[in-house]
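Structure record follows, encoded as C-alpha cells.
Position 1 is the first residue of the sequence, and the numbers go up from there. Just so it is clear, the structure is predicted and the values come from calculations on it, not from any experiment.
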Amino acid sequence: ASRLASEKNLDVLIRAVVQAKTTIPELTFDIYGEGKKEPLFKLIKELNAQGYITLKGHHKLKGVYQKYGTYLSASQSEGFGLTILEAIGESLPVIGLNVEYGNTTMVKENGILIEHTTLKENTKKMTEAILQMYQGDFLPQARKKSAQIARNYLQDEIAKKWVKLLEDKG
C-alpha cells in the first residue's frame, strides 16, 4: 500500500518478488495505491510477472491486510508510515528498508530490515528477506510480534501516554 512514486522503490519489490518466486512458486504480490502506474506495468510485463504481480489501485484497506502474508516496503522516505502501522495492526510482519522513524520504530522481531544501498543490492537483499520470511518458522513468530507491537498504538494506550506526558509536564 503506497503512493506509486519513485522514492517508494516499487521496482525493487517487483524484481525481488520475481526472483523469490523461483524458490516460492505460490508467491504473489499485490500493490495498492495510485500514482505513476505505467512504469510499473511496463516492468511487470518485461519480467513476465503479470500472472502474479497485480496493481490493485486505490482501496480502503481496513480488513484487506489480513488477507496477505507480509507487508513489503522499499520506501526510503517514510516518516511514521501509516500503512506500515495498519499492516502491523492486522498482525502482518514487515520487510522494509532500515530507514529512520517508522520502520525502525515499528519493525523489531516482527520483520526484517535491510540496509539501503544500490538498486541491485537492495533487490538482492529484499529477495533474501522474502525467502527468510517464508522458510522455517519465522512467519508465525513475526505475526505474533506484530500483534504485540500494534497494542502500543491502540487508542487507549495512546491516551494513557498523553495523560502521563501532561501530568509529567504539569
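With sequence neighbours left out, the salt bridge (Lys or Arg N to Asp or Glu O under 4.0 Å) criterion links K60 to no other residue. Take E109 and apply the side-chain hydrogen bond (donor to acceptor under 3.5 Å, both in side chains) test, not counting sequence neighbours, and it matches no residue. The ring pair (Phe, Tyr, Trp, His ring centres under 6.0 Å) search around F138 returns none, not counting sequence neighbours. Evaluation of the side-chain hydrogen bond (donor to acceptor under 3.5 Å, both in side chains) rule for Q155 yields no partner, not counting sequence neighbours. Checked against side-chain hydrogen bond (donor to acceptor under 3.5 Å, both in side chains), D11 has no partners two or more places apart in sequence or in another chain. Under the side-chain contact (heavy atoms from CB on, under 4.5 Å) criterion, T22 pairs with no residue, sequence neighbours left out. When the side-chain contact (heavy atoms from CB on, under 4.5 Å) test is applied to Q135, the partners found at least two apart in sequence or on another chain are T23, L131. Y65 pairs by the ring pair (Phe, Tyr, Trp, His ring centres under 6.0 Å) definition with nothing, not counting sequence neighbours. Legend: residues meeting ring pair (Phe, Tyr, Trp, His ring centres under 6.0 Å) with H58, ordered by chain and number and at least two apart, are absent. T105 is linked by a side-chain contact (heavy atoms from CB on, under 4.5 Å) to F80, Y153, counting only residues two or more places apart in sequence or in another chain. Residues meeting the side-chain contact (heavy atoms from CB on, under 4.5 Å) test with N98, sequence neighbours left out: T104, L113, E115.
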For residues 38-50, please give each side-chain donor-acceptor pair under 3.5 Å, one per line with the distance, not counting sequence neighbours.
none

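Between E157 and K160 there is a salt bridge, since a side-chain N of the basic residue sits under 4.0 Å from a carboxylate O of the acidic one.
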